[in-house]
Amino acid sequence: YFGRTAGLVPRDEDWDSTLHVAQVQPDELSEDVGAAVRHLRAERGVDRVLTVGFCMGGAFSLRQALEGHGLSGVVSFYGTAGPWRDKLPSVIEHAGEFECRVLGLYGGADQSIPVEVIEQFDTALSEAGVGHDLHVYPGAPHSFFDRSYADWSDECRDAWRRLMEFAAG
């Protein structure tokens, strides 16, 4: 996400992304995803391409279903379908324009993504006939899959299983 603002050098766990988050431009990110998809298809012979993102990346992953990349699916770990800062409008009202399946994995205790928003997204995708699985893990917080894995290992194993099944087809 930060290659355009921070370069393409390796980053350690202490690297602070805060300044770069504000500089991310949705159109540039979509261009980068499109370039990666074209490269995978032309240079690597890859047929099926999915995007996967966490938090901000999850919101951007959902958005890629609207960008004409010909994706096989998008996966969002606790990425909002509602508006994200002033960068992304809600994708809920654009559910009918999704070009691929959706897997969304959410924490039921996530203060930043109310369960009501997930339910609205689920309804919109269902009404639009878009294949999807939006799963809420009761009691799990935001970032349950990475920052607090040890506390949510059963949920993380289930989320990984769902991701692998989704990716398989």
Side-chain angles (χ1 to χ4, degrees), residues 1-6 8 11 17-42 46-107 110-137 140 142-147 159-160 162-167 169:
Y1 302 109
F2 310 120
R4 290 179 185 242
T5 61
L8 301 176
R11 299 170 186 48
S17 64
T18 308
L19 296 173
H20 299 278
V21 168
Q23 297 177 57
V24 173
Q25 299 299 316
D27 292 343
E28 292 177 347
L29 185 78
S30 179
E31 290 171 12
D32 294 345
V33 170
V37 170
R38 288 188 302 278
H39 173 79
L40 288 169
R41 288 191 175 126
V46 173
D47 242 2
R48 297 172 22 83
V49 180
L50 297 92
T51 61
V52 179
F54 297 79
C55 187
M56 174 190 84
F60 278 104
S61 181
L62 291 174
R63 186 75 188 173
Q64 299 316 298
L66 300 167
E67 298 295 328
H69 302 309
L71 297 171
S72 297
V74 293
V75 180
S76 175
F77 279 84
Y78 31 86
T80 187
W84 182 75
R85 300 188 180 193
D86 62 344
K87 299 269 185 189
L88 292 176
S90 172
V91 294
I92 294 171
E93 60 265 16
H94 298 283
E97 301 165 40
F98 271 43
E99 66 179 11
C100 60
R101 305 171 302 132
V102 178
L103 174 62
L105 303 161
Y106 298 94
D110 188 336
Q111 299 297 313
S112 63
I113 305 173
V115 172
E116 295 79 25
V117 171
I118 300 164
E119 291 169 347
Q120 291 171 0
F121 189 36
D122 183 62
T123 299
L125 290 169
S126 292
E127 289 175 354
V130 175
H132 66 285
D133 175 14
L134 304 183
H135 189 77
V136 177
Y137 295 96
H142 189 80
S143 294
F144 71 90
F145 194 80
D146 55 341
R147 293 187 187 149
W160 185 251
R162 288 173 187 270
L163 171 61
M164 296 308 290
E165 288 175 0
F166 185 80

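Values reported hereafter were calculated over all heavy atoms of this structure, with side chains retained and with hydrogens, waters and symmetry mates removed. Since we're looking at a predicted model, the values are computed, not measured.
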Exercise. With sequence neighbours excluded, what pairs up with V49 under the side-chain contact (heavy atoms from CB on, under 4.5 Å) test?
Worked result: V37, L40, R41, V46, L71
Problem set entry | Residues in side-chain hydrogen bond (donor to acceptor under 3.5 Å, both in side chains) contact with D110, at least two apart in sequence or another chain | S112, H142
For this session: Return each pair, listed once, that meets salt bridge (charged side-chain N to carboxylate O under 4.0 Å, His left out) where at least one residue sits in residues 46-64; pairs must be two or more places apart or across chains.
Result: R63-E67
For this session: Using side-chain contact (heavy atoms from CB on, under 4.5 Å) as the criterion, list what pairs up with V24, not counting sequence neighbours.
Result: F2, M56, F60
Problem set entry | H69 vs T51 side-chain heavy atoms within contact, under 4.5 Å | no
For this session: Return the minimal non-hydrogen interatomic distance between L50 and V75, and the atom names on each side.
Result: CD2-CG2, 4.5 Å
For this session: Taking all non-hydrogen atoms of both residues into account, name the closest pair between R11 and A6 and its distance.
Result: NH2-CB, 3.4 Å
Exercise. Which residues pass the side-chain hydrogen bond (donor to acceptor under 3.5 Å, both in side chains) test with T80, sequence neighbours left out?
Worked result: none
Seminar exercise, completed: Applying salt bridge (charged side-chain N to carboxylate O under 4.0 Å, His left out) to R162 and not counting sequence neighbours gives D133, D158
For this session: Any chance you could measure E99, atom CD, to S72, atom OG, to the nearest 0.5 Å?
Result: 9.5 Å
Problem set entry | Ring centroid separation F145 to Y78 under 6.0 Å | no
Exercise. Quick one: side-chain contact (heavy atoms from CB on, under 4.5 Å) partners of R147, sequence neighbours excluded?
Worked result: S143
Problem set entry | Which residues share a salt bridge (charged side-chain N to carboxylate O under 4.0 Å, His left out) with D146, sequence neighbours left out | none
For this session: Please identify each residue that fulfils salt bridge (charged side-chain N to carboxylate O under 4.0 Å, His left out) with E119, with sequence neighbours left out.
Result: none
With a 3.5 Å cut-off and sequence neighbours excluded, list the donor-acceptor pairs that the side chains of residues 88-95 form with protein atoms.
from : atom 1 : to  : atom 2 : distance (Å)
S90  : OG     : A81 : O      : 3.1
S90  : OG     : I92 : N      : 3.1
S90  : OG     : E93 : OE1    : 3.3
H94  : ND1    : E97 : OE2    : 2.9

Problem set entry | side-chain hydrogen bond (donor to acceptor under 3.5 Å, both in side chains) against E165, all qualifying residues, sequence neighbours excluded | R161
Exercise. If you look at every heavy atom in G57 and Y1, which pair is closest and at what distance?
Worked result: CA-OH, 3.0 Å
Exercise. Where is the tightest heavy-atom contact between L125 and L134, given as atom of each residue plus distance?
Worked result: CD1-CD1, 4.3 Å
Exercise. Mind checking what makes side-chain contact (heavy atoms from CB on, under 4.5 Å) contact with T123, not counting sequence neighbours?
Worked result: E127
Problem set entry | Test item: S76 side-chain N/O and G104 main-chain N/O as donor-acceptor pair under 3.5 Å | no
For this session: Would you name the heavy atoms of A159 and F77 that are closest together and state the gap between them?
Result: CB-CE2, 3.9 Å
For this session: Could you tell me which non-hydrogen atom of F98 sits nearest to which non-hydrogen atom of V130, and how far apart they are?
Result: CB-CG2, 4.0 Å
Problem set entry | Exam field: side chain R101 to backbone F166, donor-acceptor pair closer than 3.5 Å | yes
